Amino acid sequence: MPELPEVETVRRGLADHVVHRTVADVEVLRERAVRRHPGGAVDLAARLRGARFGAAVRRGKYLWLPLDRADDAGESGEALLIHLGMSGQVLVKDSVDGTAGVDGTDGSGSGAPHLRVRLTLADGGEVWFVDQRTFGHLLVADLVPTADGGPGGVGSSMPALPQEVAHIARDLLDPGLAVGTPGRAALLRRLRSRRTGIKRALLDQTLVSGVGNIYADEGLWRARVHYAQEAATMSRARTEALLEGVAEVMHGALAVGGTSFDSLYVNVNGASGYFDRSLVAYGQAGRPCARCGTPIVREPFMNRSSFRCPRCQRAPRHG
DNA sequence: ATGCCTACCTGGGAGC
DNA sequence: TGCTCCCAGGTAGGCA
């Protein structure tokens, strides 16, 4: 499933291959894929037709492309907002050639098995939103000022972001959360004021974004922290080490995922397959801990699962 | 405000 | 073989 590093890989692919191109037409094959767009498919298409993509920006797992209007050559104050959900992909097809094999299909016909939205570009290229489970979605959003006056996200220099993303915190790849910055200090303060388990706090997108179940477990393993450790009981140094652990895993995945697409298409699923092999905690129940050899255990957590080393990540004492 | 729970959705795999 | 059930999980929204 697309995690933050995969979304960043997609962002870079869109920045290289889609920015500065203009939308000619929009075809919504599954209404659900645009369910969060207030006007539905018809309005979404109307807003995109004739618009030119100005940049590719990301905050957490949200991705957006600010729109310029071809007619007045100015910024529209809107953006195409994309969330890949759990199975979403963005595929870019350049003009004419069939790009056989895209998404593992034979390239015949005019669509992938789970093609939900197809954008036709003015130069003949296409952008496909493919999503098996349709947890992901597209919408055209209004841009609003950022709360802290900083850039909206990675890939942008403008202090604006989609209204739908305004409540989402910066992520660990964002320069605004780099070690030593005011943003980082504020994050540490907020994390350490939470009276809940540290993993719940890590997953709270209003504190820090882009950390899902996989990266939380991997980061906790690296920092040797139990998921139920109350956030407010952790030292500043330990909390910082945990954030660094999560960030290191993300950087590692990004290094692998960044090689997963070529000039013709962006393939989200291509990245995760390689990265899966480097996981040391998530999904590793029964396999020896890479540090101490104790078998990794799987435990229920928030109607899902947590994986940890029972020796390196001891359960917190509680009264 | 904080903390916590549930619905949403679909296909792959396990179990019978 | 075909059926049922479980599982994955980010996010919004609603509750106390």
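Being a predicted model, the structure only gives us computed values, none of them experimental. Below, chains carry the letters A, B, ... as their sequence lines are ordered, and counting in each starts from 1.
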Would you say [X] places a side-chain N or O within less than 4.0 Å of OP1 or OP2 belonging to [N]?
| X | N | value |
| --- | --- | --- |
| A:Q205 | C:dG10 | no |
| A:R133 | C:dC7 | no |
| A:R195 | B:dT2 | no |
| A:T196 | B:dC4 | yes |
| A:H83 | C:dT11 | yes |
| A:Y62 | C:dA12 | yes |
| A:N303 | B:dT6 | yes |

**Message:** Please pick, from C:dT11, B:dC8, B:dG11, the nucleotide with the shortest atom-to-atom distance to any side-chain atom of A:K61.
**Reply:**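 Closest of the options to the side chain of A:K61: C:dT11.
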**Prompt:** Can you tell which of B:dG3, C:dA8, C:dG13 lies closest to the side chain of A:M86?
**Reply:**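 In terms of side-chain proximity for A:M86, the closest of B:dG3, C:dA8, C:dG13 is C:dA8.
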Give [X] one of three labels, base, sugar-phosphate or nothing, depending on what nucleic acid heavy atoms sit under 4.0 Å from its own.
| X | result |
| --- | --- |
| A:F301 | nothing |
| A:H137 | nothing |
| A:R36 | sugar-phosphate |
| A:R298 | sugar-phosphate |
| A:T134 | nothing |
| A:R30 | sugar-phosphate |

**Prompt:** So A:L243 and A:R184, side-chain contact (heavy atoms from CB on, under 4.5 Å) or not? Walk me through it.
**Reply:** CA-CA 10 Å; A:L243 292 178; A:R184 181 61 158 247; 3.6 Å; yes
**Request:** In whole angstrom, give the distance that lies between atom NE2 of A:H167 and atom P of B:dA1.
**Result:**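 Rounding to the nearest Å, NE2 of A:H167 and P of B:dA1 are 13 Å apart.
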**Polar pair under 3.5 Å, donor/acceptor by atom type, side chain A:R304, base C:dG10** =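 Between C:dG10 and A:R304, which were checked side chain against base, a qualifying N/O pair under 3.5 Å is present.
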**Asked** Within 45° of the axis and under 6.0 Å from the centre of the six-membered ring of A:W221, does NZ or CZ of A:R291 qualify?
**Response**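 That pair qualifies as a cation-pi contact.
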**Message:** I want to check a possible cation-pi pair here: A:R133 against A:F135, using under 6.0 Å from ring centre and within 45° of the ring axis as the test.
**Reply:**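 Yes, A:R133 and A:F135 form such a contact.
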**Message:** Reading DNA chain C from 5' onward, which residue's closest nucleotide shows up sooner: A:E164 or A:F307?
**Reply:**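 Looking at the nearest nucleotide for each, A:F307 comes out on the 5' side.
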**Message:** Need to verify one output field. Residue with the more 5' nearest nucleotide on DNA chain B, A:M302 or A:R190?
**Reply:**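 Residue closer to the 5' terminus by nearest nucleotide: A:R190.
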